[in-house]
Novice: 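Here it is, the structure, as structure tokens.
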Amino acid sequence: MTATLAIDVSELTKSFGTRKVVDKFSIQVPRGQVWGFLGPNGSGKTTTIRMLCGLLLPDSGTGTCLGYDIKSQASEIKRNVGYMTQKFSFYEDLSIRENLDFVARIYEMADRKRVVDQAIERLGLVERQQQLAGTLSGGWKQRLALAACILHRPQLLLLDEPTAGVDPQARREFWDEIHQLAAQGLTVLVSTHYMDEAERCDRIVYLAYGTVLARGTVAEVIEGSTLSTWIVTGSDVRTLAGELHGCEGIDQVSVFGVTLHVSGRDAEKLERAIAPFRARTEFTWEKSSPSLEDVFIHLMAPFRARLTG
Amino acid sequence: MLGVSFARIGAVFLKELIQMRRDRLTFGMIIGIPVLQLVLFGFAINSDPKHLPTAVNVQDPSVYSRTLVRALENSGYFRVTNIVKGEREGAALLASGSVAFVVTVPPEFSRELARGDRPQILIEADASDPAAAANAVAAVAQLPSTVFNRELTGALAPLRSTPPPFEIVVHRRYNPEGISSYNVVPGLIGVILTMTMVLITALAVTREVERGTMENLLAMPLKPFEVMAGKILPYIFMGYIQVTVVLVAARLLFGVPMLGSYFELSIALALFIAANLSIGFTISTIAANQLQAMQMTFFFFLPSILLSGFMFPFRGMPEWAQWIGSILPNTHFMRIVRGVMLKGSHLGDMVADLWPLAAFMLAAMTIALMRYRRTLD
């Protein structure tokens with residue numbers, strides 16, 4: 001069982017003070033897959049990842065990471081897991097090579113020099129290896145952090161918003177690397193806010209306020225939402241958006257430049273609601289499947305209502 | 001004043017107030033440090049120490065020697081703690097620092113006194129701290145002319161005239177000229193080490209927390225002791241470099257003698273440095289940022305200079321202050337370093353000061369290791 005599952009946890013719960021940050025969280029991640037971890041800020045993604053790699057003790061719940069108990073075998077887990085923190089947490093006042101060398105020493109790697117050389121080469125930073133890590137740009141820092149996290153050849157990689165604030169080109173390269181690593185058998189759990197990144201994952205888990213709201217492949221999550229969406233194209237969709245807002249049967253209206261996404265939980269009610277507007281000639285209406293983002297915002301709606309109401 | 005907006009000054013002012021209130025520790029220190037200084041300077045420090053422990057070596061028990069000892073005690077400066085037989089015993093007590101004076105009444109004292117031979121009483125003073133001994137020595141100067149007035153009656157009455165019937169000879173041991181730099185310079189080693197060692201370790205760990213690199217350290221298979229040992233070791237070397245600088249300066253610039261062995265001093269140093277580094281490590285597990293670490297270091301540093309016997313004689317302080325002082329590593333190191341350098345003491349003579357150092361180090365290390373966070377909880 002543990003041979004095929006990289007992460008197998010059930011009912012993990014963690015509170016800080018009186019606030020329950022993670023509530024009965026369970027997942028089973030098979031080895032060699034890339035799983036995306038989505039959810040709004042403060043939804044418990046970082047806390048969950050920290051519990052998985054032994055940085056936080058769960059209040060209750062059980063589970064294993066790579067077959068090691070997350071409560072009692074934290075040191076074995078740390079040895080076999082690569083964890084990349086949300087904030088760059090290597091030494092800005094050490095050079096690229098010195099940082100990698102430090103990590104290699106901590107993991108007591110026998111062929112330290114060769115491993116570090118290879119990592120620098122893979123990064124393409126041979127010429128800049130003496131440069132201080134603090135002088136690197138955001139994208140390069142993330143790539144250095146990734147290189148440092150996989151230096152000890154972990155079997156599981158936990159990445160906490162690795163591409164936040166990184167430009168699209170660097171993000172794409174980062175993801176290409178993640179897939180290369182997965183192809184070599186590494187299991188990856190990555191949290192992100194980017195929908196395009198979510199779509200590159202084998203499975204996604206959507207977490208909000210400590211609870212899993214949706215999980216599965218992207219297609220499964222979209223289908224499971226029972227959300228219907230119409231896309232409206234026209235010259236002045238902004239005005240139309242204002243009129244549609246708050247209509248019975250319409251749950252979401254969002255402007256995307258010259259197009260408008262109009263979504264509702266109930267397909268029939270939605271059609272009835274937009275019927276009068278469809279008569280207008282300046283707009284074209286097209287039934288479409290909702291985007292992942294539409295689905296997530298829809299999933300969040302009950303929580304938002306609870307928070308504001 | 002053109003363009004200055006009081007509303008904007010008010011905005012910054014308000015923000016500062018809010019931030020100040022949030023940082024409880026800093027706020028506490030703003031109140032705590034003046035209170036600490038007031039208490040230490042106002043109550044603990046007394047540059048005129050009295051009731052100093054004294055050993056008496058009476059080789060001629062008589063009414064004179066009893067009167068003399070009582071007179072010494074009545075002066076307020078001497079407190080007889082040991083009755084010794086023989087010079088060697090007295091010298092050992094003086095060397096270990098358990099007494100500040102040894103008073104010797106020579107054999108045949110009363111007979112010579114009666115004969116009008118003006119015998120001598122010997123007072124050996126531990127002058128390694130000249131300030132501590134000075135007032136006591138001054139107080140005995142008038143004794144010879146008056147102390148035996150009641151005993152010298154009848155036929156002996158003429159002895160009451162000048163010159164006085166006997167002499168008091170004071171030997172300032174270890175620092176005969178009473179040069180204060182002999183006392184201060186070795187003491188500085190302790191003070192400098194206390195400040196830099198505690199501060200540097202406190203900052204070294206707090207910096208990891210502040211920069212967010214702590215999370216990474218914790219995520220790697222590092223044991224708390226490995227982190228502590230790895231962080232402390234470089235600073236032990238740094239401590240030795242500092243000591244070398246002070247020792248060279250002590251010799252070349254101030255001519256402070258080194259009567260003991262450098263090797264024995266360096267053993268005591270290792271213990272003292274490790275004790276200070278452990279305190280720094282403990283501070284770093286409490287402080288949330290580098291500023292707080294610095295303030296807490298200062299809070300530890302203040303009693304370490306004021307109550308350790310560095311600036312003011314230890315025996316001049318009230319009992320509660322001596323009690324606090326006895327916990328501080330600097331107090332014991334101060335005695336060791338002065339003992340080794342000025343008195344040529346060996347570690348064997350210094351056990352009374354070595355074990356409190358070791359105990360302090362062990363306690364601080366245990367607390368530091370217990371408080372060091374293995375997780376982010």
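Every chain is numbered from 1, with letters handed out A, B, ... down the list of sequences.
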Novice: How long is the span from the CD atom in B:E215 to the CG atom in A:D160, to the nearest 0.5 Å?
Specialist: 7.5 Å

Novice: Measuring from atom CG of B:N216 to atom OH of A:Y91, what distance do you get when rounded to the nearest 0.5 angstrom?
Specialist: 7.0 Å

Novice: By ring-ring contact (aromatic ring centres under 6.0 Å, His included), which residues pair with A:F25, not counting sequence neighbours?
Specialist: A:F37

Novice: If you round to the nearest 0.5 Å, how far is NZ of A:K87 from CZ of B:R211?
Specialist: 9.5 Å

Novice: Side chain, backbone, both or neither: which part of B:E208 has a non-hydrogen atom closer than 4.5 Å to chain A?
Specialist: side chain

Novice: If I compare all heavy atoms of A:S75 with all of B:P221, which pair ends up nearest, and what's the gap?
Specialist: O-CB, 4.5 Å

Novice: Looking only at heavy atoms, which of residues 106-118 of chain A get nearer than 4.5 Å to chain B?
Specialist: A:I106, A:Y107

Novice: From B:M220 CE over to A:S89 OG, what is the distance, rounded to the nearest 0.5 angstrom?
Specialist: 8.0 Å

Novice: To the closest 0.5 Å, what do you measure between CG (A:D93) and OG1 (B:T213)?
Specialist: 8.5 Å

Novice: In this structure, are over 12 heavy atoms from other groups packed under 6.0 Å from B:F13 atom CZ?
Specialist: no

Novice: Keeping the roles fixed (side chain from A:K78, backbone from B:L222), state whether a donor-acceptor pair exists under 3.5 Å.
Specialist: no

Novice: Can you tell me if A:K71 has over 12 outside heavy atoms packed within less than 6.0 Å of its NZ?
Specialist: yes

